[in-house]
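For reference, the structure discussed in these notes is given below.
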Amino acid sequence: IIGGSDAPDDTIPWQVMLSIDGGRGGGMVIGDRWIMTAAHNVMHDGNVVPNETVRIYMGLTNVNTLMNSPVYAASIHTHPLYNNPNLVDFNHDIALIKIQDPITFNSSVMPICLPAEGATYVTGTMGLVSGFGVTETDKRRILTNKMKYVQVPVVEQQACSDSITLLKKKKVLVPILTNNMFCAGVPEGGKDSCQGDSGGPYALRDDGRFWAAGIVSWGFDCGQRGTYGVYTRVINYIDWINKTMQEN
Amino acid sequence: CWRLPDPEPLMHGAVQSPQYPEPYSPNLQEQWDLSVPEGYQIRLTFTHLDIEASAGCYYDVLTVLYDAKILGKFCGHENSADGHHPGNEPILSPGNRLTLTFQTDGNNPERHQNVGFSAQYQAIDMDECSAPEPEDGSGPLCSQICLNTLGSYLCSCHHGYELRPDQRSCVLSCGGGIFDEPEGHLFSPGYPNPPPHAVSCQYIISVESGFTVTLNFTDNFHIDSADTEQGPICLHHWLQVTIPDNEPMKLCGGKSPGLIVTNSNTVRLDYHIDDEGLSNGWSLDYSTYRVKCPFPGNVAKGRVTPILTEYLYRDYISARCDQGYKLMMDGQEVEGFSTMCQSNGQWHLPLPECHIIDCGEPEPLLNGGVTFMSGFQNQYRSVVQYHCNEPFYSLLGGINVVFTCESDRKWRSNNDIIFRPTCIPVCGKPTQLISTYQR
């Protein structure tokens, strides 16, 4: 999380940290047995990683004070249309992890709501993105041990598309922005999600209740001027999410 | 050698002189012993007799004897002037035997004509009942009724009398024995008159267990007694009433004992009078009643049925509990209860108790809990309310549901729709909010 702050205890109780084969990622609790994350977190060389390689940590804000044992995956369900062999196609970047035992919720572990029918992504709405990913301190990029958050607004889709088009002129390989994605950030940069935050939540708040609007998916560098973070548009996958949970 | 058994006496036979119908030889001395079964007489009939006639049958003679007694001496023939011909009349022996002797001398002047005799005999049943009384003074064969039978006789008695062991004398019947009917009438021999002789009679009233006997003596009661200041004393005549587990009572005097409630299903009466004194006797009616059991009592939080004014042998009662209560016997729950009034006047089983039912612990609620609103120890009509562990969980539907312990021992919801509460997670509402004051 670039340009953010340490998350106080119990303020983002749905945030989980994934540790997969030494890599770090994010996720969010959406049910007492379900974690939602980005598909690219649980894929390696085009295959879903083995269950036993996925370690899930919940209810913590400081990795250094990690006291509880990880929770392991019982099954991993990536979106069937996700296909990203070269890591340039992040369309349908969504996955669900079923855990073995049900979670008993408390102040440090609580689920985030799924989008309600008809929920909207209003440009400029401030969302809350969080994670244990790379942060920046004194202009140095470091991997944080504390959960951080930053509030970034939803970006108008066209503006986001335009920023990516601009990059295409400079880069050879540029992921495509689809309608299954949305952007959030500030044009001047400095506030963004970053490596290690993938799969984490972008939460919006309606009537005092937070809901999962997006999943940290991809972006160009982190917090750069003229770039935005790109998030999986969760509302497009409600049917698939419900179906997957019901079938399993 | 061993003795041959005596031959069975014949019921009939024939006797004839030696060489009959050829003339008999001189110097004969023949004897025939006839016998028939006991209880019979012998009837001897001569079919032919032709023996040398002489005065007094001096020369040749046929003698008929009963033991040593000469019943007849016969000789001659039908038309002879001398001699004694038996004619056609049969000779009847007094008893079951007869002896015939035939003697001839050494001279038979008409030898070619005297052929001897031929006779038939048969057993005739003796009518002992018509025989005169024996001369030994022992009296008639039967004191009351004599019945002749073939070869024998039987004695019998008039109604109210019975044959003694000697099978010939009759005594007044006691009318005693064992009486097992629910009611009856007993009386002493000869009542209301004194019996002609000493009597010793026993009457046993024995009915089914569970019934008690009541004796009701009639007013006409008289048993010889010796009067004293303490009351009549039963010296030689008495009626003893014996009830089990009680001291026997000796009754005598002229005052009727009236009603005696024995509280027993068995009573023995022994009536004894000797030849001294005079007792006219007694009579009574007896009846039986079912044993009574005590009032069974009440059952708290329940009821006993049927409700009767009295409870008698073989009556059944049942007990049920009020709604919300269960039947308990010896610490164990029972489905139903009934008990019977026994023959000993006690109830077969004691009454049960009614204990309040309980529904057991209400089912736990995952991620929630139960609060007791009223009642005690999950008992009937206790009320509980479920809640969830807020703020992390909330009740599905958001409706506070209460459950009541009902009479079917189930916790039942007051809501027709919700049968089981469920706690669902609360999403998106952290307990702490990120607060920033600096702007």
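All values below were derived from every heavy atom in this structure, side-chain atoms included, with hydrogens, water molecules and symmetry-related copies excluded. Numbered from 1 within each chain, the chains take letters A, B, ... in sequence-line order.
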Using side-chain heavy atoms (C-beta onward) and a distance below 4.5 Å, is A:W14 in contact with B:P430?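 Yes, close enough: below the 4.5 Å cut-off.
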
**Study point:** Sub-4.5 Å side-chain heavy-atom contact between B:C427 and A:R209
**Key:**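 Yes - at least one pair of side-chain heavy atoms lies under 4.5 Å apart.
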
| Can any side-chain N or O of A:Y149 pair as donor or acceptor with the backbone N or O of B:I434 at less than 3.5 Å? |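 No; zero donor-acceptor contacts below 3.5 Å.
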
Would one find more than 12 heavy atoms of other residues, nucleotides or ligands at under 6.0 Å from atom [atom1] of [X]?
X      : atom1 : result
A:K146 : NZ    : no
B:L259 : CG    : yes
B:R409 : CZ    : yes
B:F295 : CZ    : yes
B:D408 : CG    : yes
A:N64  : CG    : yes
B:E183 : CD    : no
B:Y316 : OH    : no

What is the distance from atom NZ of B:K429 to atom CG of A:D207, rounded to the nearest 0.5 Å?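 It comes to 8.5 Å.
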
_Need one label for A:L128: side chain, backbone, both or neither, based on atoms under 4.5 Å from any heavy atom in chain B._
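Contact with chain B is through the side chain of A:L128 alone.
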
Could you report the tightest heavy-atom contact between B:L433 and A:F210, atom names first, then the distance?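 Heavy atoms only, the tightest pair is CD2-CE1, 3.8 Å.
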
Worksheet item: Which atom names give the shortest non-hydrogen contact between B:Y393 and A:F105, and what distance separates them?
Response: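 Residues B:Y393 and A:F105, closest heavy atoms: OH-N, 2.8 Å.
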
Anything in residues 188-205 of chain A with a heavy-atom distance to chain B below 4.5 Å? Please list those residues in order.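 Against chain B, the residues of residues 188-205 of chain A that fall inside the cut-off (heavy atoms, under 4.5 Å) are A:R205.
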
*Who among A:D9, A:N106, A:I103, A:I112 has the most heavy-atom pairs with chain B under 4.5 Å?*
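Of the candidates given, the most pairs with chain B belong to A:N106.
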
